[in-house]
Amino acid sequence: MTHTLPSPRGRLTADRPLADLTWLRVGGPADWLFQPADTEDLRDFLRDLAPDVAVFPMGVGSNLIVRDGGLRAVVIRMGRGFNSITVEGNRVTAGAAALDAHVARRAAEAGVDLTFLRTIPGAVGGAVRMNAGCYGSYVADHFIEAQAVTRAGEVITLHRDDLNFRYRQSDLPEGCVLTQAVFEGAPGDPEQLAAKMDAQLKKRDETQPTKDRTAGSTFRNPAGFSSTGRADDSHELKAWKVIDDAGMRGATLGGAQMSPMHSNFLVNTGGATAADLEGLGEQVRKKVFQHSGIELQWEIMRVGEPAAE
């Protein structure tokens, strides 16, 4: 990258490898990694950054494959200046870098039910972007508003209608970087909410490869809603079921594997490249389509360039 970048108060690192910042531990370097000190630092940086420089907001890398050639962009990763959690009445305000699990626990301690967030990997920024959901509840069901900084460096407030929430999707304005979000939950007894979350964790650990190197669910459920908690839930239209039916449970490519424990989890068994992981995912999509005519949609985001030949 030949541009001269602004000089922020936060940390700006050139040619920063990204593999250690993702749960799957793969991926090449970003041209730059920017970790803003606070919202003002982020605003000033984006305002002064040349408009033709690409920007990619990155959370904790829990739902992400960075390709082996890396990213030709400034990757913006929120840190300690964006992880606060406050509760007022039934409303919870959380920074974009606050972990979903921490938000659920803090809310429960204050008697607010956001327990659906407890088992969702990742942070608040990604949860809003992806309309994360579990046990029949979604971010959209609890979302009040979010604060974001535009590519031009303006601080704006986004409401539910602005984001057009859908299953595992939202319409975040191009170039915007989320800084915080406000949620509302039903009142509840803290002890009962804690017990509810313990039960969710137990069920997750019994059914998902939580000890392996994964990025959560690989593909969206074809039914178009969260995999649990709906009266009209269809086992025939769960991603793991159509993958099983196509004979791809446990399939491997290089160091990548579709988990034998839960076939909708893509695992780095050790030494996998991003190309292994994405390639295996595409093989699964092809086999499922050949078997059932269902075209699985990636839930894991894939970004960047493949490695040079």
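- The backbone N or O of Leu201 sits nowhere less than 3.5 Å from a side-chain atom of Thr119 that would complete a donor-acceptor pair.
- Annotation: Arg11, atom CZ; neighbour count of heavy atoms from other residues, nucleotides and ligands within 6.0 Å does not exceed 12.
- For Trp23, there are no ring pair (Phe, Tyr, Trp, His ring centres under 6.0 Å) partners two or more places apart in sequence or in a different chain.
- In terms of the ring pair (Phe, Tyr, Trp, His ring centres under 6.0 Å) criterion, Phe56 has no residue partners (sequence neighbours excluded).
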> What's the verdict on ring-ring contact (aromatic ring centres under 6.0 Å, His included) for Phe143 and Phe165, showing C-alpha distance, side-chain angles and the deciding distance?
Replying inline: CA-CA 10 Å; Phe143 181 84; Phe165 286 116; 5.2 Å; yes

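- Looking at Arg106, its side chain does come within 3.5 Å of a backbone N or O of Ile85 through a donor-acceptor pair.
- With sequence neighbours excluded, the residues that form a side-chain contact (heavy atoms from CB on, under 4.5 Å) with Asp205 are Thr210.
- To the nearest 0.5 Å, the span separating CD on Gln35 from CE on Met58 amounts to 10.0 Å.
- Judged purely by atom type and a 3.5 angstrom limit, Thr252 has no side-chain atom pairing as donor or acceptor with the backbone of Gln257.
- Remark: Asp48 pairs with no residue by the side-chain hydrogen bond (donor to acceptor under 3.5 Å, both in side chains) rule, at least two apart or across chains.
- Residue Asp212 holds its CG atom at 11.0 Å from CG of Leu24, rounded to the nearest 0.5 Å.
- For residues 149-162, no residue pair satisfies the salt bridge (Lys or Arg N to Asp or Glu O under 4.0 Å) rule, not counting sequence neighbours.
- Judged as a salt bridge (Lys or Arg N to Asp or Glu O under 4.0 Å), and not counting sequence neighbours, the contacts of Glu282 are Arg285.
- Ion pairing between a basic and an acidic side chain is recognised when a charged N comes within 4.0 Å of a carboxylate O; Asp44 and Arg9 show no such pairing.
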>> Using the rule given for side chain to side chain contact (heavy atoms under 4.5 Å, CB included), can you reason through Leu237 versus Asn221, listing the C-alpha separation, both sets of side-chain angles and the distance that settles it, and then say yes or no?
In response: CA-CA 7 Å; Leu237 287 176; Asn221 285 315; over 6 Å; no

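- Screening residues 65-112 for ring pair (Phe, Tyr, Trp, His ring centres under 6.0 Å), with sequence neighbours left out, gives no hits.
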Atom pairs and distances, side-chain donor-acceptor, residues 176-185, under 3.5 Å, sequence neighbours left out:
{"unit_1": "Thr179", "atom_1": "OG1", "unit_2": "Gln147", "atom_2": "O", "d": "3.1"}
{"unit_1": "Thr179", "atom_1": "OG1", "unit_2": "Gln147", "atom_2": "OE1", "d": "2.8"}
{"unit_1": "Glu184", "atom_1": "OE2", "unit_2": "Arg91", "atom_2": "NE", "d": "3.1"}

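- Under a 3.5 Å cut-off, the side chain of Ser292 and the backbone N or O of Phe289 do not form any donor-acceptor pair.
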> Would Val155 and Val149 satisfy side chain to side chain contact (heavy atoms under 4.5 Å, CB included), going step by step from the backbone distance to the final call?
Replying inline: CA-CA 5 Å; Val155 178; Val149 179; 4.2 Å; yes

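- For Asp41, there are no side-chain hydrogen bond (donor to acceptor under 3.5 Å, both in side chains) partners two or more places apart in sequence or in a different chain.
- Remark: Arg16 pairs with Asp20 by the side-chain hydrogen bond (donor to acceptor under 3.5 Å, both in side chains) rule, at least two apart or across chains.
- No side-chain donor-acceptor contact under 3.5 Å links Arg67 to the backbone of Ile65.
- A side chain to side chain contact (heavy atoms under 4.5 Å, CB included) with Phe45 holds for exactly one of Ser7, Pro36, Pro6; it is Pro6.
- Salt bridge status for Asp245 with Lys241: present, with a side-chain N to carboxylate O gap under 4.0 Å.
- Within the structure, salt bridge (Lys or Arg N to Asp or Glu O under 4.0 Å) pairs that include any residue of residues 246-261 comprise Asp244-Arg249 (at least two apart or interchain).
- Across all non-hydrogen atoms, the minimal contact from Leu280 to Leu266 is CD2-CD1, 3.8 Å.
- Residues satisfying the side-chain hydrogen bond (donor to acceptor under 3.5 Å, both in side chains) test with Glu305, not counting sequence neighbours, are Arg72.
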